[in-house]
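Once you've had a glance at the structure underneath, I'll fire off some questions.
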Amino acid sequence: MLLLIIGMVMSVVTTVQAQDDDTVLLTTLSEQLEHGAVNYDIHCGSCHGDTGLGFAEAKLAFPEDHRTCHYCHRRNNPPQMSMEAMTNRNAFDIGEAPALRGEDTLTGFGNAQALTYYIQATMPRPFPRKLADETYVAITVHMLELRGELPQDVLEAGEVVTLEALANLTF
């Protein structure tokens, strides 16, 4: 079990480090949505679920004998931990990842720009701020699409959604 957890953590570290200094050039909404979906899958889905329904959905991807386990997801973990602290505690710090879609989810952020700033500052745990800014925006745009909250005029325009434009998209 411990080797499996360490292997999963190292896989995340490798993926995140590979994208540390990358800049992303996205020219269409379609490219942005694809980039957001791929990165959501890599960095978010294992905790928030494939479709954003939260940790309960994410656990369905775990081996059956681990679906009731909270060994890797202790509620008392601090918001961030160093790799050394995680190794010493045998804990991967994600906490109980909330649902990102559904009734009364994400309403505390007010708008998608504030959500993007929060994601940049805290995700992916334990490696926040490791993705390109464009990737964080793309993940937010993908989440809006998952939630069915990407406005029709934005979809029809087909243009990349900017961080500034996310301030106009409210929950």
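Predicted, not measured: the structure shown is a model, and the values here were computed from it.
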Using a 3.5 Å distance criterion without hydrogens, assess whether the side chain of Y136 forms a donor-acceptor pair with backbone atoms of M123. yes
Here the gap from T140 atom OG1 to Y118 atom OH, rounded to the nearest 0.5 Å, amounts to 12.5 Å
Heavy atoms, side chains only, cut-off 4.5 Å: are D104 and F171 in contact? no
Is it the case that R147 and T105 place a side-chain donor and acceptor less than 3.5 Å from each other? yes
Intermediate values then yes/no, side chain to side chain donor-acceptor pair (under 3.5 Å), Q120 and T116: CA-CA 6 Å; Q120 285 177 317; T116 303; over 6 Å; no
Verify, without hydrogens or angle tests, whether R101 (side chain) and L53 (backbone) share a donor-acceptor contact under 3.5 angstrom. no
Main chain of H35, side chain of N39: is a donor-acceptor contact present, judged purely on distance under 3.5 Å? yes
So how far is it from E159 CD to L29 CG, rounded to the nearest 0.5 Å? 9.0 Å
Given 3.5 Å as the limit, does a donor-acceptor pair link the side chain of E34 with the main chain of S30, or not? no
E145 (side chain) donor-acceptor with L150 (main chain) under 3.5 angstrom: no
For L25 and E31 the tightest heavy-atom approach is O-OE1, 4.3 Å
Whether the side chain of E57 engages the backbone of T51 through a donor-acceptor N/O pair (distance < 3.5 Å, no angle test) should be reported. yes
Can you tell me how far CD1 of I119 sits from CD1 of I139, rounded to the nearest 0.5 angstrom? 7.0 Å
